[in-house]
Amino acid sequence: MHRTPLVAPTSSARAPGLVAGGHGPFPASRVESSMTVLRSDRPALAASGRAGAFALLGLMSVGLLPVVAHAENFASLAPIDVTLPETVMHVDIVDSSREVIQYSGDQPIDVYRPDGSLWAGGFGTDDGFGTFTGSVNADQNGAWRIEISRQSIAWSLEVPGRTGGRVWSTDWRFDAGSFQESDGYTGSFYALTSGGALDRDAVVEMKFDGLAGYVFRLDGSDAGLINNNGRSVPDDGQRYRGRYPVYLEPPEIARRNPLTAEITDETLQVAEDTCDAVAPGAIDAFLEFTSNVDGTYHFICDLNKDGVFDLTDDADLHRIGEAITGVNRLRFDGMDNLGQPIANGSYECRVLLAVGELHYVAQDVETIFPGMRTYEYQSATTRRPLPMFWNDAEVQPNDVLMANDQPSLAASGAEGVDPGPYSDPPVPGINTRAWGRFTKNSKGNEAWMDTFSWVDATVSIVLDVNIVDGVSDTDGDGLLDIEETCIWGTDPNNPDTDGDTLDDGFEALLSPSDPLNPDTDGDCLWDNLEVRPDGSSPDTDGDGRRDVRDDDDDDDGIPTCEELYGYPDEDDGDAIQTQEELDADPRNDLDGDGVYNHRDLDSDGDTFSDQREGTADRDVDGRPDFLDPDTVGIGNATDGWFAGGCDNTGGRGVGWLGLVAGLALLGRRRHGRPSND
């Protein structure tokens, strides 16, 4: 189907992470982030007395498990007290010919192979002091699944000889024991994100200072909460599933080789051929673009016309979703971020295509203070700052002053918040994403807080879109004005465009008739005479075509138009056919059997079918044989008897001269003329 493009031929801004012309949120400075060289692989981790004791228990597997200085275990999470049983952990095995998984913890575990088969249930030998230990002899490469059936306050998983992180989960669930600052987590998690293709990935580090959520979740995905377009929202039945593996240490299997995003062939086209505008709730548009990567797209429209494409402000439009390599197509319904129709007007829109996008979605986290920062982890000594974006408009009314007695930011702004060099101290609202004051109340309480960043991004050319009213029905005919203009072609100011006494909405939505043609089938009967009040139309001859779309209603081979005596509206000259006018001329039911000629297979009632008699006038009396019970007649043509409403010559009767002549000829035939019928 051909569609009218709405693309403005403006210049493209294809540099990754760059928006040309000063249109945020992606200035050039955001792309050219500096690298920071570090002295150590991980920041120092805070610890509390209670958590330290639990961590020590996890490491003290005397006689059965060697103490490993850098095991991935509960100590990495200090002072978080409990890993909840909803957490499903995984351990990467790279070389099953020589690698094992060593476990120590306060609960036995269920162990599953990468293919999903159970390796062992209730695994672990109790040392008599409540510590379960054991060694899993890996027989498959891949991610081994570890499930703990009850809350665990001490555990350790280790692959001896590893050089990087092996333990991960897509849905970490913790119980920190309180909202207090002393139980807040300071340290990092590492998300292994998509790099744009199956053999590409990137590592995004989430660096926390003061993560205090009591019972909370830590997940990562590429597009955030479903249907919320990167917005933070109250926890009122939201469903979310983490997609990306989140590691306790930089993942050893990471390639760290993301692609550079490129976007081409971007167009925005309306769904209807006859219209060049989007009508909220009525006429949609389709955005199409070609991507060279698997990633995340952002569709942003500058609704407030300030020249900034702000994906964190509800004054603009922001849609988010997964992009695939190749052609992408998405529907645009003309609604804003809050689901309300966008006001009439012309707007500029853009597509942003991101690689390695991570949405850290925190459920029920009351406080992150002084805040979190995001970096691309490139090596043990190099991190690249990644600007953070968020839109808290829906939860901001629940905000409390942070521990520094300042309110948290409701949004990051179009350019995001730059975390700056890795070694810089965290400053709330300046280089961190922060909220709360270590109490049970905050905008994060019973909410889903979305914070997102990406490793690389590019933007499309500007796309122009027109928005028109999609709710008005000016003439009250049941069709929206936009539907009349863009779909049906009817007059939005006239409820009956074709003047057949049937409303446009009735004909368009209920009846098989055409709202632009008073006589849809051209059979000299207007649609209002062939359509019932409920919108149906009979199928007199059962040929599968409704009478309103059948020009031979009784299928006798004679068009309906020729079986009528003129248009039914010829008497009063108002150019509107009515049922009363059709009934007013008895010749439209010549044999008086209650069935109109055009629906009667024997219109003149002479026992010979109309199809057999045909339209010839053998007695030249002005009446075709199928309407003449006596086909011999007097041989005098009388135009008043002409059948065929579409070629009416005027007379409604035979005229007195014609009648006298006819009677004379009839008398002669009765005195010896043979019959030809």
*Asks:* Which salt bridge (charged side-chain N to carboxylate O under 4.0 Å, His left out) pairs, counting each pair once, include a residue from residues 401-410, with sequence neighbours left out?
*Replies:* Asp405-Arg437
*Asks:* May I ask you to test the Leu311-Leu352 pair for a side-chain heavy-atom distance under 4.5 Å?
*Replies:* no
*Asks:* Do Thr296 and Ile320 come close enough that some side-chain heavy atom pair is under 4.5 Å?
*Replies:* yes
*Asks:* Rounded to the nearest 0.5 Å, how far does OG1 of Thr432 lie from CG of Asp424?
*Replies:* 12.0 Å
*Asks:* Do side-chain atoms of Asn431 reach the backbone of Val427 as a donor and acceptor pair under 3.5 angstrom?
*Replies:* yes
*Asks:* Tell me whether the rings of Tyr214 and Phe179 are parallel (<30°), tilted (30 to 60°) or perpendicular (>60°).
*Replies:* perpendicular
*Asks:* For Gly242, is there any backbone N or O sitting under 3.5 Å from a side-chain donor or acceptor partner on Asp171?
*Replies:* no
*Asks:* Set out, in order, the CA-CA distance, both residues' side-chain angles and the distance that settles side chain to side chain donor-acceptor pair (under 3.5 Å) for Tyr240 and Asp450, then state yes or no.
*Replies:* CA-CA 11 Å; Tyr240 174 75; Asp450 192 341; over 6 Å; no
*Asks:* Side chain of Ser408, backbone of Trp435: donor and acceptor closer than 3.5 Å?
*Replies:* no
*Asks:* If you count the non-hydrogen atoms of other residues, nucleotides and ligands that lie under 6.0 Å from CG in Leu338, is the total more than 12?
*Replies:* yes
*Asks:* Suppose we screen for side chain to side chain donor-acceptor pair (under 3.5 Å). Which residues come up paired with Asp306, at least two apart in sequence or across chains?
*Replies:* Asn304
*Asks:* Applying ring-ring contact (aromatic ring centres under 6.0 Å, His included), name anything that partners Tyr244, two or more places apart in sequence or on another chain.
*Replies:* none
*Asks:* Taking C-beta and beyond as the side chain, do Met449 and Ile368 meet within less than 4.5 Å on heavy atoms?
*Replies:* no
*Asks:* Under the salt bridge (charged side-chain N to carboxylate O under 4.0 Å, His left out) rule, collect the residues that match up with Arg200, sequence neighbours excluded.
*Replies:* none
*Asks:* Sort and list the pairs that fulfil salt bridge (charged side-chain N to carboxylate O under 4.0 Å, His left out) and have at least one residue in residues 385-401, not counting sequence neighbours.
*Replies:* Arg231-Glu394, Asp392-Arg433, Asp392-Lys443
*Asks:* Using only atom types and a distance under 3.5 Å, with no angle test, would you say the side chain of Glu72 pairs donor to acceptor with the backbone of Val167?
*Replies:* yes
*Asks:* My understanding is that only residues two or more places apart in sequence, or in another chain, count here; which of them pass salt bridge (charged side-chain N to carboxylate O under 4.0 Å, His left out) with Asp316?
*Replies:* none
*Asks:* Within a reach of under 6.0 Å around NZ of Lys440, are more than 12 heavy atoms found that belong to other residues, nucleotides or ligands?
*Replies:* no
*Asks:* Taking Trp454 for its side chain and Leu353 for its backbone only, find out whether a donor-acceptor pair lies under 3.5 Å.
*Replies:* no
*Asks:* Measure the acute angle between the ring planes of His298 and His318, then classify it against the limits of 30° and 60° as parallel, tilted or perpendicular.
*Replies:* parallel
*Asks:* Heavy-atom count around Glu446 CD within 6.0 Å, excluding the residue itself: above 12?
*Replies:* no
*Asks:* So which atom in Pro251 and which in Arg256 form the shortest heavy-atom distance, rounded to 0.1 Å?
*Replies:* O-NH1, 4.3 Å
*Asks:* Can you confirm whether the side chains of Ser152 and Asp106 place a donor and an acceptor under 3.5 Å from each other?
*Replies:* yes
*Asks:* Do Leu401 and Pro407 make a side-chain contact, defined as non-hydrogen atoms from C-beta onward lying under 4.5 Å apart?
*Replies:* yes
*Asks:* How many angstroms lie between atom CZ of Arg173 and atom CZ of Arg217, to the nearest 0.5 angstrom?
*Replies:* 4.0 Å
*Asks:* A side-chain contact here means heavy atoms from C-beta on lying under 4.5 Å apart; do Glu205 and Ser188 qualify?
*Replies:* yes
*Asks:* Tell me, please, which residues at least two apart from Arg145 pass salt bridge (charged side-chain N to carboxylate O under 4.0 Å, His left out).
*Replies:* Glu147
*Asks:* Listed by chain and number, what are the side chain to side chain donor-acceptor pair (under 3.5 Å) partners of Asn229, not counting sequence neighbours?
*Replies:* none
*Asks:* Taking the inter-plane angle between the rings of Phe208 and Phe189 on a 0 to 90° scale, is it parallel (under 30°), tilted (30 to 60°) or perpendicular (over 60°)?
*Replies:* perpendicular
*Asks:* Mark yes or no for whether Arg255, through its side chain, and Asp201, through its backbone, hold a donor-acceptor pair below 3.5 Å.
*Replies:* no
*Asks:* Has Trp168 got a side-chain atom pairing as donor or acceptor with Ala143's backbone, closer than 3.5 angstrom?
*Replies:* no
*Asks:* Is any side-chain heavy atom of Val278 closer than 4.5 Å to a side-chain heavy atom of Tyr347?
*Replies:* no
*Asks:* Rounded to the nearest 0.5 Å, how far does OG of Ser169 lie from CG of Leu248?
*Replies:* 9.5 Å
*Asks:* Identify which one of Asp219, Asn228, Asp235 satisfies the side-chain hydrogen bond (donor to acceptor under 3.5 Å, both in side chains) criterion when paired with Trp448.
*Replies:* Asp235
*Asks:* Quick one: list whatever passes ring-ring contact (aromatic ring centres under 6.0 Å, His included) with Phe174, sequence neighbours left out.
*Replies:* Trp172, Phe216
*Asks:* Would you verify whether the NZ or CZ of Arg319 falls within 45 degrees of the ring axis of Phe299 while also being under 6.0 Å from that six-membered ring's centre?
*Replies:* no
*Asks:* Listed by chain and number, what are the salt bridge (charged side-chain N to carboxylate O under 4.0 Å, His left out) partners of Glu252, not counting sequence neighbours?
*Replies:* Arg166
*Asks:* Just verifying a value: how many Å separate Gln378 CD and Glu376 CD, rounded to the nearest 0.5 Å?
*Replies:* 4.0 Å
*Asks:* State whether the number of non-hydrogen atoms from other residues, nucleotides or ligands found under 6.0 Å of Asn227 atom CG is greater than 12.
*Replies:* no
*Asks:* Do Phe389 and Thr312 come close enough that some side-chain heavy atom pair is under 4.5 Å?
*Replies:* yes
*Asks:* Scan for salt bridge (charged side-chain N to carboxylate O under 4.0 Å, His left out) pairs involving residues 109-120, sequence neighbours excluded, and state none if there are none.
*Replies:* Arg113-Asp139
*Asks:* Once you round to the nearest 0.5 Å, how far does CZ of Phe369 lie from CG of Leu211?
*Replies:* 14.0 Å
*Asks:* Has the side chain of Thr367 got a donor or acceptor atom that lies under 3.5 Å from a matching backbone atom of Gly436?
*Replies:* no
*Asks:* Is Thr170 close to Arg243 at the side-chain level, that is, under 4.5 Å between some pair of heavy atoms?
*Replies:* no
*Asks:* Could you measure the distance from the NZ atom of Lys207 to the OG1 atom of Thr374? Nearest 0.5 Å is fine.
*Replies:* 12.0 Å
*Asks:* What residues form a side chain to side chain contact (heavy atoms under 4.5 Å, CB included) with Phe123, not counting sequence neighbours?
*Replies:* Ile109, Val111, Trp119, Ala120, Val136
*Asks:* Say whether Asp294 and Thr325, considering side chains only, have a donor N or O and an acceptor N or O under 3.5 Å apart.
*Replies:* yes
*Asks:* Looking at Ser156, is its backbone amide N or carbonyl O close enough to the side chain of Ser104 to form a donor-acceptor pair, meaning the two atoms are under 3.5 Å apart?
*Replies:* no
